[in-house]
Amino acid sequence: MRPENRGLDPKADGTVAGMRVGISPGPLILWSSLSLILITFDGLAGYLSEIAALVIPIALICSFAHTFYSMHACTFHQRFSTDHPLKGETVEYELTLVNGGMLPLGRGDCSFADPGPLGSFSKPAEFPVRPEETRIYAADIRCAYRGTYNIGLTSIVFSDLFGILRLEEPIEPRVFYVYPELLRLDPSVEKLAASSGGDRAGETTGEDDPAIFEYIAPMERDRRGKRIAWKYWASRGFPAVITPGRSESAGIRIVLDLWKSAEEADERLPSEDAAASAAFSVMQEMSKRNIPVEFYAGGAPSPVHVLSESDFRALFDQSPNLIFSETEPPAKAFEWGQSTLLISTRPLTAAADGRAPLFSLFESAIAAGNAPHLLLCPPPCRADSEKENLDALEALAEGMRSAQSEGKIRSLLRIADSRKGTEEIVHALRL
């Protein structure tokens with residue numbers, strides 16, 4: 001048994017499924033026929049014919065034995081530069097192969113699980129030949145998108161000299177969970193959440209706000225500088241001060257629309273990654289500021305509550321498992337209540353499946369005055385057309401805003417073009 005990471009110990013426990021033995025019928029028939037022909041001439045030409053009849057069987061036996069020996073004598077060790085790569089991060093991979101025996105090794109080959117771009121494992125691994133020799137094979141693997149990756153060695157194969165026997169040891173590759181890229185957003189993203197207290201310019205979460213009454217406390221030395229409650233002092237007969245409350249966010253609802261797109265992977269994955277990065281980046285910023293978040297993924301009936309940075313980390317650890325498989329638009333994004341940010345890859349106009357377009361839902365929500373904030377993350381092939389649709393939706397929102405009471409419609413409508421990189425998300429969420 002050969003482990004995935006066993007150093008130089010050929011007897012260590014590991015993650016090998018068991019050796020497979022394969023026989024190639026073509027070379028077997030060829031060499032068996034030739035051996036039978038030579039055996040029929042045994043003794044016709046003295047010792048020479050007897051030696052010729054034994055050469056091929058002995059050579060085959062020695063070749064098979066050397067193949068088993070090579071599989072046993074070869075040891076390996078895999079090294080990865082990180083166990084938790086982020087989206088777009090390059091993992092430096094290194095495979096060390098060692099001939100731990102006293103004889104040269106036979107013909108060997110390695111197979112790899114390659115999640116990176118074409119060419120990560122383009123060159124073959126060179127096996128050590130001389131006894132106690134070490135060979136190092138290196139490759140750079142780029143985890144281009146969020147998700148679950150299998151990286152590394154999948155099998156080691158040794159073949160005999162005659163091409164008849166094939167020994168293969170399957171090896172479970174290392175499983176990596178690649179997380180969305182967390183972006184450093186502008187602090188103004190906090191304004192997406194509905195706030196409590198006075199909406200004063202420059203106000204920050206956690207700041208004492210004299211507009212919010214908290215409680216009255218007896219005047220003490222450490223409470224100097226507080227506003228004196230004169231009426232309370234006069235009626236009760238002892239000095240007291242007013243302790244103000246703090247301006248805090250009432251929270252935000254974040255809805256990640258896990259729409260199942262019909263585009264090919266090279267078009268679909270960039271937009272899905274942009275949506276996931278945007279959602280978790282906003283949640284990270286909110287958790288840093290102690291702003292409560294209700295997170296809905298797709299059509300989930302109940303939210304995940306993120307009240308602190310530890311809550312965010314627990315949710316972030318599950319982010320590689322998000323699968324974009326929803327068909328219907330998320331109803332939670334258009335419910336009355338707290339401020340809502342909808343992050344979607346869904347087209348604004350009618351989709352190919354004929355379902356209700358997102359544009360119509362926003363049109364009704366804008367008219368009712370409860371439209372959510374929208375960050376649209378379309379696939380690259382639809383970015384230009386969706387920008388035109390979003391401009392039309394913004395024009396509609398502006399028209400209704402001017403016709404209604406001031407401040408009734410405050411929805412933010414932005415688009416993040418994945419062709420322009422992650423900075424496009426930062427720019428779209430700058431208020």
Side-chain angles (χ1 to χ4, degrees), residues 1-7 12-17 75-97 109-125 136-156 168-184 256 258 264-281 283-284 295 297-298 304 309-325 345 377 418 421-422 425:
M1 301 292 285
R2 179 178 284 103
E4 170 273 331
N5 187 3
R6 63 168 185 172
D13 295 332
T15 58
V16 181
T75 59
F76 69 92
H77 173 77
Q78 296 185 95
R79 185 188 68 82
F80 300 85
S81 60
T82 178
D83 287 335
H84 302 287
L86 296 176
K87 182 180 78 72
E89 183 179 358
T90 298
V91 178
E92 297 177 0
Y93 172 77
E94 186 177 279
L95 171 65
T96 302
L97 296 167
D109 189 23
C110 291
S111 297
F112 299 93
D114 186 2
L118 185 63
S120 293
F121 294 101
S122 56
K123 60 180 181 178
I136 297 178
Y137 177 84
D140 290 336
I141 308 161
R142 185 170 178 267
C143 300
Y145 301 109
R146 174 197 61 87
T148 303
Y149 289 80
N150 294 323
I151 303 178
L153 199 61
T154 58
S155 69
I156 289 181
E168 177 183 6
E169 285 197 2
I171 301 163
E172 295 181 10
R174 181 79 65 88
V175 178
F176 285 90
Y177 298 97
V178 179
Y179 300 100
E181 185 175 1
L182 293 177
L183 309 175
R184 180 173 295 180
L256 179 58
L258 304 178
E264 297 294 331
D266 57 347
E267 293 286 340
R268 172 174 48 83
L269 291 177
S271 64
E272 293 178 359
D273 272 10
S277 292
F280 283 95
S281 296
M283 274 191 285
Q284 181 186 43
F295 177 64
V304 177
E309 290 190 66
S310 60
D311 292 342
F312 168 76
R313 297 309 306 184
L315 180 60
F316 185 68
D317 288 341
Q318 304 175 33
S319 59
N321 300 322
L322 287 176
I323 300 176
F324 284 70
S325 58
T345 63
C377 302
S418 58
T422 55
I425 300 175

Which pair of heavy atoms, one from [X] and one from [Y], lies closest together, and at what distance?
| X | Y | answer |
| --- | --- | --- |
| Tyr177 | Pro320 | CB-CG, 3.8 Å |
| Leu258 | Ile323 | CD1-O, 3.6 Å |
| Ala275 | Thr345 | CB-CG2, 4.0 Å |
| Thr422 | Glu181 | CG2-OE1, 3.2 Å |
| Ser271 | Glu267 | OG-O, 3.9 Å |

Contact between [X] and [Y] at the side-chain level, heavy atoms closer than 4.5 Å - yes or no?
| X | Y | answer |
| --- | --- | --- |
| Cys143 | Ile151 | yes |
| Val178 | Glu89 | no |
| Leu153 | Phe112 | yes |
| Phe121 | Ile141 | yes |
| Glu168 | Ile156 | no |
| Phe76 | Leu95 | yes |
| Thr148 | Asn321 | yes |

Distance check, rounded to the nearest 0.5 Å: [X] atom [atom1] versus [Y] atom [atom2]?
| X | Y | atom1 | atom2 | result |
| --- | --- | --- | --- | --- |
| Leu269 | Phe324 | CG | CZ | 9.5 Å |
| Phe316 | Glu309 | CZ | CD | 13.0 Å |
| His77 | Arg79 | NE2 | CZ | 7.5 Å |

Contacts of Gln284 that satisfy side chain to side chain contact (heavy atoms under 4.5 Å, CB included) - sequence neighbours left out:
Leu182, Lys288, Phe312
Applying side chain to side chain contact (heavy atoms under 4.5 Å, CB included), name anything that partners Ala113, two or more places apart in sequence or on another chain.
Asn150, Thr154, Pro173
Which residues satisfy the side-chain hydrogen bond (donor to acceptor under 3.5 Å, both in side chains) test with Tyr145, sequence neighbours excluded?
none
Can you confirm whether or not the ring centre of Phe280 sits under 6.0 Å from the ring centre of Tyr179?
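For Phe280 and Tyr179, the ring centres are not under 6.0 Å apart.
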Would you find a donor on one side and an acceptor on the other, under 3.5 Å apart, between the side chain of [X] and the backbone of [Y]?
| X | Y | answer |
| --- | --- | --- |
| Ser281 | Ala278 | no |
| Arg146 | Ser277 | no |
| Tyr137 | Lys123 | yes |

